[in-house]
Protein chains: 2
Amino acid sequence: METTKKHSLVEQALLFKMMNDENRLKILLYLYEEELCVCNLIDLLNMSQPAVSQHLKKLRQASIIQIRSQGQWKFYRLNEEYTHLELLNKILAELPSMKHEVDGLNSNGRRVFCTTIPTK
Amino acid sequence: METTKKHSLVEQALLFKMMNDENRLKILLYLYEEELCVCNLIDLLNMSQPAVSQHLKKLRQASIIQIRSQGQWKFYRLNEEYTHLELLNKILAELPSMKHEVDGLNSNGRRVFCTTIPTK
DNA sequence: TAATTATATAACTGATTTATTATATAACCG
DNA sequence: CGGTTATATAATAAATCAGTTATATAATTA
């Protein structure tokens with residue numbers, strides 16, 4: 001029976017569906033570097049908050065990313081339990097690195113307000 | 001300047017766009033096994049001739065596959081000169097093999113009329 | 001508690017995509 | 001040449017998708 005194989009292909013096709021959109025692909029590349037706050041993804045992608053939010057929702061529903069709350073912020077990261085994480089990692093490793101862009105958040109202070117533990 | 005990097009991501013994103021459709025993904029998996037005639041792709045995918053033809057056109061326009069004419073038949077194969085062939089191969093190698101399906105064309109005679117050099 | 005900030009969701013719109021139907025092209029065969 | 005086969009293309013219609021605007025939720029702070 002080929003049920004398993006076919007099911008696997010359908011699942012993997014969903015991954016490609018998620019990578020189909022260039023902005024979602026960028027999100028994955030950013031998160032491949034490190035966990036990031038929504039506000040920083042908005043900044044990096046230079047797009048509207050609801051647009052980013054909806055892309056994140058799709059990636060979440062596909063179990064590709066995970067969310068973590070910290071105060072009023074939401075941090076997203078790649079889901080270490082994603083069924084096809086190995087495939088995803090192999091692909092992302094082949095694509096242009098976003099390290100410089102992500103590091104840029106620190107060097108020009110754009111990230112501070114968001115990753116700092118709430119002053120209290 | 002990051003023109004090169006960004007351009008590369010756009011190009012690679014086009015590959016994911018092509019793999020976005022499950023039927024096109026299957027076409028790539030079939031051709032990863034071997035060069036195939038359009039009629040056999042129609043058979044393998046179990047979809048209409050124009051639908052297959054249009055998927056092939058998209059893949060061709062993206063330079064991912066190549067065409068070869070033999071008599072009234074058209075044979076398609078992965079383009080060995082595709083810019084991101086290495087990436088493509090790495091990805092296809094991770095997906096379920098279609099060897100059995102493609103081999104099935106031979107074992108039940110579905111392929112003969114098409115791959116045989118025209119009787120003459 | 002009211003105002004503010006961060007994020008999510010809903011409704012909608014325009015663009016894109018896929019498959020169908022119909023037609024065209026081109027090779028082959030009698 | 002006329003009919004047939006294999007494939008491509010064009011026009012269209014239905015479905016999907018991404019982004020906008022507006023609104024909701026939830027934490028934070030004054």
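The chains referred to below are lettered A, B, ... by the order of the sequence lines, with proteins before strands, and numbering in each begins at 1.
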For B:Q66 and B:R68, which I'm curious about, is there any donor-acceptor pair between the side chains at under 3.5 Å?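 Their side chains do not contain a donor-acceptor pair, so the 3.5 Å distance test is not met.
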
Describe the nucleic acid contact of A:I67 in one word from base, sugar-phosphate, nothing, applying a heavy-atom distance below 4.0 Å.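 Contact class for A:I67: sugar-phosphate only.
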
Using a 4.0 Å heavy-atom cut-off across all strands, classify A:D21 as base, sugar-phosphate, or nothing.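 Since only primed, P, OP1 and OP2 atoms lie under 4.0 Å of A:D21, the category is sugar-phosphate.
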
Counting only distance, no hydrogens or angles, is the base of D:dT7 paired donor-acceptor with the side chain of B:Q54 under 3.5 Å?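 Answer is no: no donor-acceptor pair is held.
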
Answer with yes or no whether A:Q49 presents, from its side chain, a donor or acceptor under 3.5 Å of a partner atom in the base of C:dA8.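 Result: at least one qualifying N/O pair found.
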
Closest to side chain of [X], choosing from [options]:
{"X": "B:C37", "options": "C:dA6, D:dT7, D:dA6", "answer": "D:dT7"}
{"X": "A:S53", "options": "C:dT18, C:dA8, C:dA6", "answer": "C:dA8"}
{"X": "A:P50", "options": "C:dT9, D:dT7, D:dA27", "answer": "C:dT9"}
{"X": "A:Y76", "options": "C:dA8, D:dA18, D:dG19", "answer": "C:dA8"}

Heavy-atom nearest nucleotide on DNA chain D for A:A51 versus B:L56: which residue maps closer to 5'?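 Counting from the 5' end, the first nearest nucleotide belongs to B:L56.
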
Nearest-nucleotide 5' precedence on DNA chain C, A:V52 against B:K17: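 Nearest-nucleotide comparison on DNA chain C picks A:V52.
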
Working to the nearest 0.5 angstrom, can you tell me the gap between A:Y30 OH and A:L41 CG?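 Answer for the OH-CG pair, A:Y30 versus A:L41, is 8.5 Å.
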
